[in-house]
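Start at 1 and go down the list; that is how both ligands and their atoms are numbered. Since the structure is predicted, the reported quantities are computational estimates derived from the model, not experimental observations.
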Amino acid sequence: MLEGPRVFVAGHPVGHSRSPLIHRSWLAKYGLRGHYEAVDVEADEFAALLAAVRTGDWTGGNVTVPHKEAAFALVDRHDAAAAAIGAVNTLYMEDGLLVGANTDAHGFAANLDQRLTGWRDGEAALVLGAGGASRAVVHALLDAGYRRVYVVNRTAGRAEALAERFGAAVKPSGWDNAGALVAAADIIVNTTSLGMAGQPALSMDLSRARAGTLATDIVYVPLETPFLRAASAAGLTTCDGLGMLLHQAAPGFARWFGRWPDVDEALRESVIADLQGTHAA
Ligand code: ATR
């Protein structure tokens with residue numbers, strides 16, 4: 001019989017997930033009992049996994065691609081962030097109900113709080129991309145007090161749908177306008193998969209950026225994406241996306257295992273070493 005809470009990360013595929021490394025590092029660091037396992041689940045098995053949380057066979061779990069929207073549809077209740085974003089990445093039981101939470105917006109904000117001084121002082125943001133990750137980033141920016149969030153996306157209809165979801169502060173626009181919007185932005189965020197290892201680079205004219213503009217990327221392989229390299233070269237202050245991954249794990253860990261964990265340099269270094277091991281050669 002296993003001792004302590006049993007928690008999963010469910011995805012398909014799930015082998016690439018760094019969540020087991022992160023949660024097991026914290027369990028060891030704090031000397032807590034518990035188990036965290038990667039579970040590869042196909043779409044037609046996902047509801048059965050949630051049923052196993054309801055019966056207590058699992059304490060809870062993280063949800064990753066491609067199940068975040070299915071989790072949203074299948075849980076009994078949403079936390080405020082999940083309701084706003086329309087996707088669930090964290091599951092737990094509360095008062096006999098299966099709760100679906102979304103910690104991606106928290107992860108985005110907590111990473112910048114730790115590493116990008118002054119990011120909460122901005123008024124206008126430029127967000128590249130309009131997928132699921134973009135919804136979490138837009139939610140975090142609005143929550144931090146941004147008054148205008150320009151969203152540019154290859155497929156214009158998705159940027160428009162995102163604006164409809166979040167209201168008048170979110171302003172959709174085409175890629176062709178991105179260079180001009182750079183001049184209006186206090187912070188620029190890439191939420192597309194462009195620049196990820198194996199994907200084409202994101203190229204954007206940053207020459208009109210104002211002094212003091214910030215830039216960050218949700219891609220963290222490589223840590224310094226072509227977008228962040230170009231932003232640094234153009235004089236912007238940058239922050240990589242690895243901390244979003246690390247910080248999004250904290251609320252779930254606290255909920256399941258009973259202690260709020262630190263995102264420290266040692267954790268960051270161990271995840272970087274693991275990423276380098278996987279992506280080397
Ligand atoms: P996620 O949940 O990680 O955000 P997603 O919902 O598939 O994943 O969204 C991926 C984002 O990257 C979208 O904004 C997508 O643009 P489209 O909506 O036009 O598909 C963007 N993206 C992916 N590949 C791209 C490419 N080659 N050029 C431009 N944008 C791209």
Side-chain angles (χ1 to χ4, degrees), residues 9-19 43 46 62-73 78 81-90 100-109 111 125-142 149-166 170-179 181-182 185 188-206 215-222 225-228 230-231 240-249 275:
V9 54
H12 184 67
V14 77
H16 65 281
S17 172
R18 263 66 199 189
S19 291
F46 187 67
N62 283 125
V63 180
T64 186
V65 178
H67 302 311
K68 289 184 179 188
E69 274 86 14
F72 182 84
H78 303 112
I85 295 164
V88 159
N89 75 339
T90 302
N102 191 305
T103 66
D104 287 331
H106 163 80
F108 175 78
N111 179 37
L126 172 57
V127 174
L128 314 172
S134 173
R135 297 202 300 273
V137 166
V138 168
H139 177 64
L141 289 166
L142 295 174
V149 179
Y150 300 101
V151 177
V152 302
N153 196 52
R154 175 180 60 180
T155 310
R158 287 185 95 189
E160 283 153 20
L162 202 143
E164 259 170 53
R165 176 177 197 98
F166 286 100
V170 176
K171 300 174 189 310
S173 189
W175 270 113
D176 45 349
N177 208 19
L181 290 172
V182 162
I188 306 171
V189 187
N190 176 43
T191 75
T192 74
S193 47
L194 292 172
M196 195 182 289
Q199 300 285 322
L202 168 63
S203 75
M204 159 156 288
D205 176 11
L206 295 167
T216 187
D217 203 322
I218 67 154
V219 173
Y220 54 86
V221 178
T225 60
F227 167 63
L228 290 181
D240 68 63
L242 181 58
M244 179 176 175
L245 171 75
L246 305 177
H247 282 280
Q248 64 75 33
L275 291 168

| Parallel under 30°, tilted from 30 to 60°, perpendicular over 60°: which one fits the rings of Phe72 and His78? | parallel
| said: Please check whether Ala133 reaches ligand 1 - meaning an N/O of the residue sits under 3.5 Å from an N/O of the ligand, judged on distance alone. | reply: yes
| note | Of all protein heavy atoms, the one nearest atom 16 (O) of ligand 1 is Asn153 OD1, 3.3 Å
| said: Rounded at 0.5 Å granularity, tell me how far CD1 in Ile188 sits from OG1 in Thr216. | reply: 11.0 Å
| query | For ligand 1, is there an N or O atom under 3.5 Å from any N or O atom of Ala130? | reply | yes
| remark: Between the CE atom in Met204 and the CG atom in Asn190, the distance rounded to the nearest 0.5 Å is 8.5 Å
| query | Under 3.5 Å, is there a donor-acceptor pair between the Thr225 and Asp217 side chains? | reply | yes
| query | Please state which protein non-hydrogen atom is closest to atom 21 (C) of ligand 1 and give its distance, to 0.1 Å? | reply | Thr192 CB, 3.7 Å
| request: Give the numbers and elements of all ligand 1 atoms closer than 4.0 Å to a heavy atom of Gly131. | output: 4 (O), 6 (O), 9 (O), 14 (O)
| field | Closest candidate by heavy atom, reference atom 7 (O) of ligand 1, pool Arg154, Arg158, Arg135 | value | Arg158
| note | Ranked by distance from atom 24 (N) of ligand 1, the top protein heavy atom is Ser193 OG, 3.7 Å
| request: Identify the heavy atoms of Asp240 and Gly243 that sit nearest to each other, and give their distance. | output: OD1-N, 4.2 Å
| request: Kindly say whether Gly11 contributes a backbone atom to a donor-acceptor pair with the side chain of Thr64 at under 3.5 angstrom? | output: no
| request: Give the numbers and elements of all ligand 1 atoms closer than 4.0 Å to a heavy atom of Gly129. | output: 14 (O)
| field | Minimum heavy-atom distance between His106 and His247, given as atom pair plus value | value | CD2-O, 3.4 Å
| Which heavy-atom pair separates Val88 from Ala82 by the least distance, and what is that distance? | CG2-CB, 4.0 Å
| Can you tell me the protein heavy atom closest to atom 2 (O) of ligand 1 and the distance? | Gly132 N, 3.3 Å
| query | Between Leu194 and ligand 1, is there a nitrogen or oxygen pair with a distance under 3.5 Å? | reply | no
| atom 19 (O) of ligand 1: nearest protein contact (heavy atom, Å) | Thr155 OG1, 2.5 Å
